[in-house]
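In what follows, a single structure is set out as structure tokens and then discussed.
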Protein chains: 2
Amino acid sequence: MKYSTSKENYIKAIYHLEQEDPVVSTNALARQLATKPASVTDMLKKLHEQQLIHYEPYKGVQLTDSGNKLALQIIRKHRLWEFFLVEKLGFGWEEVHEIAEELEHISSKKLIDRLDDFLGKPKTDPHGDPIPDAAGIVPKIEKRCLLDLPVGIAADLISVSNQSADMLDLLRHHQIEIGSRLKITNRFRFDRSIQITVQGGPPVTISEQLGAHLYVAWATED
Amino acid sequence: MKYSTSKENYIKAIYHLEQEDPVVSTNALARQLATKPASVTDMLKKLHEQQLIHYEPYKGVQLTDSGNKLALQIIRKHRLWEFFLVEKLGFGWEEVHEIAEELEHISSKKLIDRLDDFLGKPKTDPHGDPIPDAAGIVPKIEKRCLLDLPVGIAADLISVSNQSADMLDLLRHHQIEIGSRLKITNRFRFDRSIQITVQGGPPVTISEQLGAHLYVAWATED
DNA sequence: GAGCTTTTTTAGGCGAATCTAAAAAAAAAT
DNA sequence: ATTTTTTTTTAGATTCGCCTAAAAAAGCTC
Ligand SMILES: [Mn+2]
Ligand SMILES: [Mn+2]
Ligand SMILES: [Mn+2]
Ligand SMILES: [Mn+2]
């Protein structure tokens, strides 16, 4: 029941790639893990032997139930540590991912459950991603891309799908943060940029590229 | 400037063994690290190449200045994490060492300095051992073995030199903890056991073996 | 469906950290 | 000063995670 850091990173990467496409390719994994396809093939064989993945040569890969469970445990650790780093130690959004990439491999289950308590059992990490609970259940968070928000409807920013320092710089410049109330006031056909207000402030224009990474919650009519 | 977990464990072990005997033997290291002498020799060569130790075949080993500096950084991390686990997450003394053994290898310097701030820059870990500061300076703590305390003089327990669950069980049974005021009320020649009072309570008898692991601070007359 | 391109796997190797068995050096005993 | 014992090092393997180069399979294109 104890896996190497390397194996845990593979399992987590497979989990994330499965969200895009239910069958994960060797190349996609190699890209994600910044390694070579040949190395991935080697590792897939080992993960298969340990029953963490379904794998047949040339057919791509999928997590088994136990692989999925393991992935959720690692993600839980990653996100709880990120929350800790931001909320308790005052780190910025963009700094925490790398550190959490190490902390997520600390093995003590008791540690993570106590940390969860200490932090007040948060539902989401600093980027708005949901934190699986001790049983591996991921809170379902209703969110839609800001770009799909109709003009004139207010909605709260609940997550961002990019955590680069560059993007966070830009958000900071526009004074946009998780929780900010956003409203689209105008759309421009030419480059699909949008004009929005932040917390009812003056309108600012943001690119489609930025908007695509912002996710908001708004009441659905049904 | 980044070393493997294994190398860090060697450096820390050498540091601790140097406290006993300034020149550390291959066998002593193998015992401490639960590994084989042949493995130790291999590793010593590598640590020597990296200038972390002074090493000549058959002559034992000593940390260089940079080895010593590294050891203190690792010990700082270890003890700060132990403090965090006990004070913030409510772990018992005896549970934290093993977890800290992993956490001490998390590389971010910024993380550890912020953790230090968050914890209020503690001077000692939960077992009373001093925590080196960011510059690697170890607070000097005046302490003497309880066994050397004269009869009738009160002194405060400031550290214990054994962290086994068994010993902590026994301490808990006698309601002795770090900070308790202890006074020797009687000494018995036969087995060198001693009778003490804890916080001015009723006298209890403890073995020489237990007493040897308790360290107290008391005013020296000079 | 034959041929070209892309993806994936295999083959062979390397560095890190470990091991066992054997040799060599140092230390202790006689 | 030998001999014996203990300590330490060397030699040779193994496992893990990775690599490059080459082969094989799958997927496209005409
Ligand atoms: Mn992250
Ligand atoms: Mn990781
Ligand atoms: Mn400890
Ligand atoms: Mn350690």
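Heavy atoms only: backbone and side chains are in, while hydrogens, waters and symmetry mates are out. The model shown is predicted, which means the values in this text are computed figures rather than measured ones.
Partners of B:K123 by side-chain hydrogen bond (donor to acceptor under 3.5 Å, both in side chains), not counting sequence neighbours: none found. A:T205 meets the side-chain hydrogen bond (donor to acceptor under 3.5 Å, both in side chains) test with no other residue; sequence neighbours excluded. With sequence neighbours excluded, no residue forms a ring-ring contact (aromatic ring centres under 6.0 Å, His included) with B:Y10. Legend: residues meeting salt bridge (Lys or Arg N to Asp or Glu O under 4.0 Å) with B:D116, ordered by chain and number and at least two apart, are B:R76, B:K121. Evaluation of the side-chain hydrogen bond (donor to acceptor under 3.5 Å, both in side chains) rule for B:T64 yields B:S66 as partners, not counting sequence neighbours. Every residue meeting the ring-ring contact (aromatic ring centres under 6.0 Å, His included) condition with B:H97, not counting sequence neighbours, appears here in chain and number order: B:H78. Under the side chain to side chain contact (heavy atoms under 4.5 Å, CB included) criterion, B:E87 pairs with B:F83, sequence neighbours left out.
If you walk DNA chain C from 5' to 3' and mark each nucleotide with an atom closer than 4.0 Å to a heavy atom of chain A, the marks span C:dT7 to C:dT10.
For residues 4-16 of chain A, proximity to DNA chain C is found at no residue, defined as any non-hydrogen atom under 4.0 angstrom from a strand atom. Of all the residues in residues 47-60 of chain B, B:Y55, B:P57, B:Y58 reach under 4.0 Å from DNA chain D with at least one non-hydrogen atom. Only A:S25, A:T26, A:N27, A:P37, A:A38, A:T41, listed by number, bring a heavy atom of residues 20-43 of chain A to less than 4.0 angstrom from any atom of DNA chain C.
A:M167 places a side-chain heavy atom less than 4.5 Å from the side chain of A:L171.
Around the CD atom of B:E208, the shell of radius 6.0 Å holds more than 12 heavy atoms that belong to other residues, nucleotides or ligands. A 6.0 Å sphere centred on NZ of A:K69 holds no more than 12 heavy atoms belonging to other residues, nucleotides or ligands. The local environment of CG in B:D65 is sparse, with at most 12 non-hydrogen atoms from other residues, nucleotides or ligands closer than 6.0 Å.
In this structure, A:Y3 places its OH atom 18 Å from C1' of D:dG17, rounding to the nearest Å.
For residues 89-101 of chain A, the salt bridge (Lys or Arg N to Asp or Glu O under 4.0 Å) pairs, not counting sequence neighbours, are A:K12-A:E101, A:E94-A:R172, A:E95-B:K110.
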